[in-house]
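Accompanying notes for the structure given below.
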Amino acid sequence: MKSSRRLGAVKPSATFAMAAEATALRKQGRDVVDLSVGEPDFDTPEHIKAAAREALARGQTKYTPIGGTDELKDAITTKLRRDNGLEYGRAEVMASCGGKHALYTAFQALFDEGDEVVLPAPYWVSYPEMLVLAGAVPRVVTTTAARGFRMSAEELDGAIGPRTVAVILNSPSNPTGAAYSSDELAALGRVALRRKLLVVTDDIYERLTAHPVAHIGTLVPELRPNLVVINSVSKSYAMTGWRIGYTAAPAELIRAMTTLQGQSTTNPTSIAQAAAAVALSGPQESVAAMAREFTERLQLMVAGLGAMPDVRLAPPQGAFYVFPDVSAYFGRRGPDGPIATATDLSMCLLRHAGVASVPGEGFGAPAHIRISYAASRALLAEGLTRIRDALAALH
Ligand SMILES: Cc1ncc(COP(=O)(O)O)c(C=O)c1O
């Protein structure tokens with residue numbers, strides 16, 4: 001059957017493709033260290049699961065308001081005030097089925113055909129595809145490892161053309177783990193303000209860093225009418241499967257997004273909403289504990305990769321990814337033939353070393369591979385040993 005032209009221009013998610021290949025190999029009985037994953041390896045904290053059980057027992061099993069229950073909206077506004085110093089009311093927030101769905105809905109509500117959106121590369125694989133689905137055109141600004149994969153205010157300013165309407169920020173970043181300092185964020189915010197750009201800030205990894213910084217919305221409060229804050233409980237609370245994300249923005253945009261959501265998914269799952277409300281407004285110790293563990297693992301990864309010849313790594317500040325430049329290995333040969341690209345190298349590591357990573361092409365960075373450290377330290381150590389040995393065997 002023929003599918004729409006609109007979808008013809010959209011690529012399937014590269015991260016899920018590699019995970020699917022790893023699963024297929026596992027099914028054949030192969031031992032695979034899966035470092036391709038984009039989700040915490042921790043379980044959802046018990047008090048959050050208990051809230052879901054209670055919601056179920058109470059019979060909270062019906063439709064809710066499209067943008068979420070008042071309880072969840074209040075938890076979102078509480079969280080934004082507590083963690084980010086941002087003041088939003090119920091009419092200015094909404095819940096969606098994950099941060100991805102929040103972004104998708106926001107892009108559909110914000111952009112018209114041909115609107116340009118500044119997208120720093122390396123970027124999360126889904127941004128360009130979601131922009132294209134909204135009719136927008138990504139205006140990619142390639143950042144470099146030498147500058148820590150951070151776009152400067154001058155680079156942002158230089159990328160703005162007559163049709164540019166917005167910029168997407170994601171700090172800490174998937175895939176690089178790079179995070180902006182407060183000064184850098186403030187400088188970017190001032191450019192956006194002066195050039196009348198919308199700022200879409202994807203804060204999904206904000207808690208997973210050893211050095212949290214102030215929010216761009218508090219650093220440059222004048223941005224508020226043009227600020228769209230996207231977040232999710234997926235990564236901070238180990239709740240990827242629950243599918244709750246949220247948006248904070250001017251009421252006008254929230255109304256438009258609610259219209260679209262009302263004609264597509266309706267509300268996110270009622271039980272998951274109850275759990276997310278407790279995650280956001282309840283005890284926060286588990287978040288800090290998880291962030292500490294990720295920081296320890298990051299050190300392990302930086303040390304392990306740093307000891308491998310010809311692997312170049314700009315040390316990241318957060319999230320749970322490292323993004324080494326492995327292009328020095330392009331042109332060498334592996335058991336299946338020449339390694340010419342990051343995809344070849346990732347595939348070689350998967351098939352011959354039993355380590356799943358994600359090649360950089362989908363992130364707009366073809367010299368790199370993404371390695372997730374959302375796995376136990378023992379698995380990370382094993383994965384690093386396998387990568388080291390497999391790279392050494394290339395000739
Ligand atoms: C940068 C970024 N934004 C958004 C998301 C979406 O997460 P979710 O839909 O699980 O909330 C992800 C997931 O990997 C991500 O890496």
Side-chain angles (χ1 to χ4, degrees), residues 12-19 34-42 44 48 68 72 76 79 93-108 117 119-131 133 138 143 149-151 167-180 199-209 228-248 257 261 264-265 268-269 272-273 275-276 279-280 287 290 294 316-323 357-358 360 362-365 370-374:
S13 168
T15 44
F16 283 103
M18 199 47 83
D34 191 354
L35 305 184
S36 72
V37 287
E39 58 184 352
D41 52 315
F42 307 104
T44 304
I48 300 175
L72 177 54
I76 293 169
K79 180 267 172 233
V93 296
M94 71 179 282
S96 299
C97 310
K100 190 182 249 180
H101 183 228
L103 283 160
Y104 182 88
T105 309
F107 289 179
Q108 292 288 333
V117 178
L119 180 61
Y123 41 70
W124 177 44
V125 288
S126 294
Y127 294 135
E129 310 306 324
M130 286 199 274
L131 287 172
L133 279 168
T143 65
F149 293 118
R150 294 191 295 270
M151 173 174 66
V167 57
I168 297 176
L169 299 176
N170 172 220
S171 177
S173 143
N174 176 5
T176 63
Y180 291 103
V199 175
V200 179
T201 170
D202 178 348
D203 301 339
I204 192 160
Y205 296 102
E206 63 168 357
R207 310 282 296 273
L208 302 183
T209 173
V228 181
V229 178
I230 305 280
N231 211 326
S232 155
V233 295
S234 289
K235 318 281 175 167
S236 302
Y237 302 97
M239 290 178 73
T240 45
W242 298 73
R243 310 310 303 132
I244 299 288
Y246 55 94
T247 307
M257 289 176 64
Q261 191 160 298
S264 47
T265 60
T269 306
Q273 286 191 53
L280 292 171
V287 183
M290 201 162 69
F294 279 132
Q317 289 82 42
F320 40 70
Y321 308 107
V322 286
F323 201 57
S357 59
V358 186
F363 303 101
R370 190 192 77 176
I371 301 171
S372 161
Y373 50 92

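Remember, it's 1-based here, ligands and their atoms both numbered in the order they're listed. Note that the structure is predicted; figures quoted are calculated from it, not measured.
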Donor-acceptor pair, T247 side chain versus I230 backbone, under 3.5 Å? no
Looking at [X], which atoms of ligand 1 are within less than 4.0 Å of one of its heavy atoms?
| X | value |
| --- | --- |
| Y127 | 1 (C) |
| S234 | 8 (P), 10 (O), 11 (O) |
| Y205 | 1 (C), 14 (O), 15 (C), 16 (O) |
| N170 | 1 (C) |
| G98 | 9 (O), 11 (O) |

Do any heavy atoms of [X] fall under 4.0 Å from ligand 1?
| X | value |
| --- | --- |
| K235 | yes |
| R243 | yes |
| D202 | yes |

Any idea how F294 and Y373 line up, ring-wise: parallel (<30°), tilted (30 to 60°), or perpendicular (>60°)? perpendicular
Anything under 30° is parallel, anything over 60° is perpendicular, the rest tilted; go ahead and classify Y127 against F107. tilted
In the structure I gave you, are the side-chain heavy atoms of L103 and V200 within less than 4.5 Å of one another anywhere? yes
Do the non-hydrogen side-chain atoms of L72 and L280 ever get within less than 4.5 Å of each other? yes
Considering distance alone, does some N or O of G99 sit under 3.5 Å from an N or O of ligand 1? yes
Does K100 reach ligand 1 with a nitrogen or oxygen that is under 3.5 Å from one of the ligand's nitrogen or oxygen atoms? yes
Heavy-atom closest pair (A275 atom, M239 atom, distance to 0.1 Å) is CB-CE, 4.1 Å
If you look at every heavy atom in Q261 and T105, which pair is closest and at what distance? OE1-OG1, 4.3 Å
Separation between CD1 (I168) and CE (M151), nearest 0.5 Å, reads 10.0 Å
Please list the nearest protein heavy atom to atom 15 (C) of ligand 1 with its residue and the distance rounded to 0.1 Å. W124 CE2, 3.5 Å
Can you tell me which residue and heavy atom of the protein come closest to atom 7 (O) of ligand 1, and the distance to 0.1 Å? I204 CD1, 3.2 Å
